[in-house]
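Note sheet for the following structure.
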There are 2 protein chains.
Amino acid sequence: MISLTAAREPPVYGQDMHSRSPASRTGRPRSATADAAILAATREALVELGWSKLTLGDVATRAGVAKTTLYRRWAGKNELVVDAVAELFDELELPDSGSLAADIEGVVLQFATILARPEAKSGLMAVVAEATRDDALRERIRASVVDRQKRLVLEGRSRAQVRGELPPEPDPATASRTADLIFDMVAGAVVHRTLVSGEPVDEAWVRGFTLVLLRGLAGGAAHTAAD
Amino acid sequence: MISLTAAREPPVYGQDMHSRSPASRTGRPRSATADAAILAATREALVELGWSKLTLGDVATRAGVAKTTLYRRWAGKNELVVDAVAELFDELELPDSGSLAADIEGVVLQFATILARPEAKSGLMAVVAEATRDDALRERIRASVVDRQKRLVLEGRSRAQVRGELPPEPDPATASRTADLIFDMVAGAVVHRTLVSGEPVDEAWVRGFTLVLLRGLAGGAAHTAAD
DNA sequence: GCATTACGCTACGTCTCGTAGCGAAAGCCC
DNA sequence: GGGCTTTCGCTACGAGACGTAGCGTAATGC
């Protein structure tokens with residue numbers, strides 16, 4: 001009696017969610033509506049209860065599925081909440097408003113709006129905290145949340161360079177480094193103001209922030225792009 | 001049999017830690033060494049177990065006290081961890097290095113060094129996440145952690161204005177707003193790079209960050225204060 | 001129809017929580 | 001020293017969540 005039931009690992013959503021491409025094309029398929037219901041129920045529970053008081057049994061009840069179904073798809077609370085929160089950032093997109101300053105202000109406001117929702121606040125920070133001790137979770141967050149935001153930075157900078165609002169990068173290495181820097185400054189400032197300072201990210205704040213950031217990035221000689 | 005033992009509320013460390021100034025000057029005093037042992041044990045457990053797997057029973061065992069003693073002093077896990085983490089930031093101080101750039105770089109490196117410790121990472125972010133649904137907890141964090149950092153920003157700016165590295169503020173209202181902005185940008189960027197991006201805050205990064213920030217703050221005409 | 005997989009349901013042992021009650025210890029004040 | 005007050009360590013407890021196992025049933029592909 002070495003291995004009895006665990007002959008093949010149960011396909012938990014650990015690494016390859018929504019793929020399970022090869023194999024297992026037979027049998028009853030997983031309900032897609034159940035997926036959506038579970039993630040929606042998770043966000044709802046996150047709003048009402050917060051991270052620490054959220055239980056998987058409660059989520060299952062809200063979603064109208066059995067608790068065991070939850071455990072068949074997600075390894076635990078962390079992974080479930082990451083997926084539930086990640087969906088909130090689907091709507092993020094870069095507006096093409098003509099000037100770099102307006103582009104930044106638009107994206108920051110979008111980001112802040114999403115982050116202002118209670119399910120994003122309590123859920124996202126909690127999983128980030130857990131990710132400090134779980135590399136797989138960190139990677140999951142990076143892939144489904146962070147990279148989606150980061151792409152906007154790269155695209156926005158590229159546009160600005162074409163328009164001459166930002167100097168071109170001398171080499172790819174520094175280009176990558178400054179992109180990381182910009183990303184941490186933008187996302188960090190918004191997150192910190194929203195969660196730690198507890199103050200709203202309104203238009204006035206965004207304008208002031210964008211002004212400082214653009215002055216800093218443009219270097220000595222460049223358009224500050226403020227009216 | 002209305003109220004038997006709970007005639008007077010037990011003095012839990014909810015609001016006024018280390019004070020309980022009037023009343024109760026009689027009786028056996030609380031062990032101060034127990035306090036230190038508990039907070040140290042909390043940090044130790046935070047390193048080994050992380051936030052979610054940390055239990056108060058385990059902390060009590062590590063500290064060599066009874067579990068009930070813990071509950072007599074702190075209302076719960078949140079409050080305990082806030083106090084345990086707050087002690088880490090005691091060593092923060094503003095270096096007087098002569099130039100604003102060097103001052104900022106010094107403070108940022110100090111802050112990053114503290115934040116790089118695993119007990120700070122997992123503990124601080126977790127309580128911030130919980131604070132999104134608990135105003136008292138948010139206030140506790142602000143008083144014991146955030147304000148201590150913020151004071152450095154105010155002091156550093158004041159020095160820089162005396163030295164002429166930053167323009168003076170036109171009125172107190174905008175002075176306060178820009179101080180908040182600077183604080184969110186500095187702390188936010190460091191926290192985001194450390195926790196979300198998962199990259200180290202080394203000297204090279206700090207130099208780049210400081211350069212962008214100072215250019216942005218100094219406005220069009222001012223010393224960029226780079227070497 | 002048959003094999004395969006997902007589903008709902010129930011039940012279970014384990015762990016943590018937060019509290020209650022007790023006797024003993026450690027301080028003040030007379 | 002004797003009394004008063006508060007804290008301490010210890011034990012025990014019900015409540016609740018965890019994560020899993022087992023079963024019968026439902027939904028697909030071949």
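Keep in mind it's a predicted model, so treat the numbers as computed, not measured. Chain A is the first sequence line, chain B the second, and so forth, proteins listed ahead of strands; every chain is numbered from 1. Side chains included, hydrogens not; waters and symmetry mates left out as well; all remaining heavy atoms used.
Side-chain contact of A:T178 with A:R157: a donor-acceptor pair under 3.5 Å is present, judged by distance alone. No side-chain donor-acceptor contact under 3.5 Å links A:E130 and B:S122.
For B:R117, the CZ atom counts as loosely surrounded, since its 6.0 Å shell holds 12 or fewer non-hydrogen atoms of other residues, nucleotides or ligands.
With a 6.0 Å cutoff to the six-membered ring centre and a 45° limit on the axis angle, A:K121 does not count as a cation-pi contact of A:W51.
A:S31 comes within 4.0 angstrom of the backbone, heavy atoms only, and of no base.
In this structure, the CZ atom of B:R73 is 17 Å from the P atom of C:dT19, given to the nearest Å. Separating the NZ atom of A:K77 from the C1' atom of D:dA17 is a distance of 10 Å, rounded to the nearest angstrom. Look at CZ on B:R30: it is 12 Å from P on D:dG9, rounded to the nearest Å. Rounded to a whole Å, the CG atom of B:L54 is 13 Å from the C1' atom of C:dC17.
Looking only at distances, no side-chain donor or acceptor of A:R193 sits under 3.5 Å from a matching main-chain atom of A:G198.
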Exercise for the section: Scan nucleotides 23-30 of chain C nucleotide by nucleotide, 5' to 3', and note B when protein non-hydrogen atoms come under 4.0 Å of the base, S if they reach only the sugar-phosphate, - if neither. Expected result: --BBB---
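Taking for each of B:T68 and A:V65 the nucleotide of DNA chain C with the nearest heavy atom, the 5'-most of the two is the partner of A:V65.
Note on ring orientation: taking the six-membered ring where Trp is involved, the planes of A:F183 and B:H192 are perpendicular (angle over 60°, cut-offs 30° and 60°).
Out of C:dC17, D:dC8, C:dC9, the shortest distance to the side chain of B:Y71 is found at C:dC17.
At a cut-off of 3.5 angstrom, the base of C:dG18 holds at least one donor-acceptor pair with the side chain of B:K67. The base of C:dC15 does not come close enough to the side chain of B:T55 for any donor and acceptor atom to sit less than 3.5 Å apart. Looking at A:R72, its side chain comes within 3.5 Å of the base of C:dG8 through a donor and an acceptor atom.
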